[in-house]
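For the numbers below, each heavy atom of this structure counts, side chains included, while hydrogens, waters and symmetry mates do not. Read the numbers this way: they start at 1 and go in the same order the structure lists the ligands and their atoms.
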Amino acid sequence: MTGELSAQATAAEQGYEGALRPTSLAEFVGQSKVRRQLGLLLDAATMRRHTPDHILLAGPPGLGKTTLSMIVATELEKPLHQTSGPAIQHAGDLAAVLSALTPGEVLFIDEIHRMARSAEEMLYLAMEDFKVDIMVGKGAGATSVPLELSPFTLVGATTRAGLLPNPLRDRFGFTAHLEFYSDDELAKVVGRASKLIEFALSESGVDEIARRSRGTPRIANRLLRRVRDYGLVHDLPGDTSTVQAALALYDVDDHGLDRLDREVLSAVVERFNGGPVGLSTLAVSVGEEAETIEAVVEPFLVRTGLLSRTPRGRVATRAGWEHLGKVPPGLPAE
Ligand SMILES: Nc1ncnc2c1ncn2[C@@H]1O[C@H](COP(=O)(O)OP(=O)(O)OP(=O)(O)O)[C@@H](O)[C@H]1O
């Protein structure tokens with residue numbers, strides 16, 4: 001389990017997220033380069049009356065990969081079929097999905113790096129030639145029957161592009177690397193969402209939420225919801241002091257670190273004397289999955305300069321020690 005305010009979506013929040021999703025590239029905040037690249041790809045495909053190249057969206061959770069896949073389908077005016085890597089455990093699971101696609105449909109596979117290897121191989125041919133080979137029968141009598149598919153556009157999403165085998169990565173005509181959002185961009189996300197949920201927030205309240213959202217729109221929307229609840233229950237206006245009080249209650253600190261971020265940083269500093277410490281040892285020591293630490297916690301701690309990754313393991317930086325109110329070894333206490 002990740003912390004209550006981590007970057008992964010909980011089931012309960014999916015309805016709220018759905019209501020806040022931008023529905024066009026024009027409405028999508030930030031990621032200006034990706035937006036321009038994707039816009040060109042989609043416009044060209046529409047002009048050529050052809051399905052666009054397959055698209056890979058890479059980046060940490062909560063930055064808008066699912067949202068972009070929906071926008072791709074909407075802009076192409078085609079239906080969207082959503083599935084995920086863990087749901088495709090056999091080649092047959094994938095064959096069933098692919099054979100049901102209608103011409104031009106957009107197929108979104110979230111966490112594509114977690115798909116079964118046998119399905120991956122089937123996907124290569126499907127992406128390239130819109131065909132699959134279906135095995136019929138068993139043992140010596142088994143034969144492979146080719147099946148033509150409708151042309152489709154695959155949108156794959158991954159938090160770990162490095163885990164994708166090269167033959168799969170090479171079959172995507174366009175890879176978008178989503179970056180963490182700036183505070184100004186997040187302020188736009190929060191401002192837009194607060195209007196949609198009809199919760200009046202002062203400009204400085206918006207900035208305060210944006211600054212503590214770990215560069216991630218999903219977290220910005222989630223913090224906004226907690227602040228809205230706090231304001232409602234205590235009958236307070238949406239200003240900076242309400243934001244500060246609400247976020248203090250939920251253990252989000254001034255830099256936006258949540259409970260899990262702080263646990264990881266404290267483990268490196270306190271249990272491993274600043275590191276270096278290997279990922280799996282660190283994961284065990286905080287009782288969390290290595291994948292969550294690597295995909296969710298670490299990118300943020302590295303980006304904020306509190307942790308660094310070295311070939312020998314994770315090391316707390318001087319700023320990391322100081323963030324916990326500690327003096328790094330070798331430096332005199334002030
Ligand atoms: N650029 C954006 N502008 C406004 N809102 C955004 C933007 N990107 C994401 N959001 C909001 O953040 C939330 C999470 O986005 P989304 O589900 O697309 O992330 P994701 O990258 O697919 O995450 P995961 O990999 O965990 O599925 C949604 O509620 C969406 O409305």
Using distance alone, decide if ligand 1 has a nitrogen or oxygen within less than 3.5 Å of any nitrogen or oxygen in [X].
X    : result
P61  : no
V29  : yes
P60  : no
V189 : no
R21  : yes
T159 : no

Task: Cationic tip of R171 above Y124 ring, under 6.0 Å, 45° of axis - done: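 Ring-cation test returns yes.
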TODO: Tell me, please, whether F199 has R228 positioned over its six-membered ring: NZ or CZ under 6.0 Å from the ring centre and within 45 degrees of its axis?
DONE: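 Negative - R228 is either too far from the ring of F199 or too far off its axis.
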Task: Ionic contact status for R303 with E298, cut-off 4.0 Å - done: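 R303 and E298: not salt-bridged.
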Task: Pair E120 + R117: basic N to acidic O under 4.0 Å - done: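 Yes.
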Open item on the list: With rounding to the nearest 0.5 angstrom, report the CG to CD1 distance, L57 to I112.
Closed with: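 L57 CG to I112 CD1: 10.0 Å, rounded to 0.5 Å.
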Open item on the list: Could you measure the distance from the CZ atom of R259 to the CG atom of D253? Nearest 0.5 Å is fine.
Closed with: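 Going from CZ on R259 over to CG on D253, the span is 13.0 Å.
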Which ligand 1 atoms does [X] reach within 4.0 Å, using its non-hydrogen atoms?
X   : result
P22 : 3 (N), 4 (C), 5 (N), 31 (O)
T67 : 15 (O), 16 (P), 18 (O), 30 (C)
L20 : 31 (O)
K65 : 18 (O), 19 (O), 20 (P), 21 (O), 22 (O), 25 (O)

Open item on the list: If we set the cut-off at 4.0 Å for heavy atoms, which region of D110 has an atom near ligand 1: side chain, backbone, both, or neither?
Closed with: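 It is the side chain that gets close, since no backbone atom is under 4.0 Å.
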- [ ] Answer yes or no for G30: is there a heavy-atom contact with ligand 1 below 4.0 Å?
- [x]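 Checking ligand 1 against G30, which is what was asked, there is no heavy-atom contact under 4.0 Å.
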Open item on the list: Heavy-atom contact check, 4.0 Å cutoff: does G62 meet ligand 1?
Closed with: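 Contact present.
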Open item on the list: If you compare all heavy atoms of T240 against all heavy atoms of E208, which two are closest, and at what distance to 0.1 Å?
Closed with: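 So the minimum-distance heavy-atom pair works out to CG2-OE1, 3.9 Å.
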TODO: Report the member of L57, T66, T23, V34 with the shortest heavy-atom distance to atom 27 (O) of ligand 1.
DONE: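 The residue whose heavy atom sits nearest atom 27 (O) of ligand 1 is T66.
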TODO: From atom 6 (C) of ligand 1, work out which of P217, A193, A295 has a heavy atom at the shortest distance.
DONE: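 Result: the heavy atom closest to atom 6 (C) of ligand 1 is in P217.
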Side chains of [X] and [Y], donor plus acceptor under 3.5 Å:
X    : Y    : value
T102 : E105 : yes
N221 : R218 : no
D239 : S241 : yes

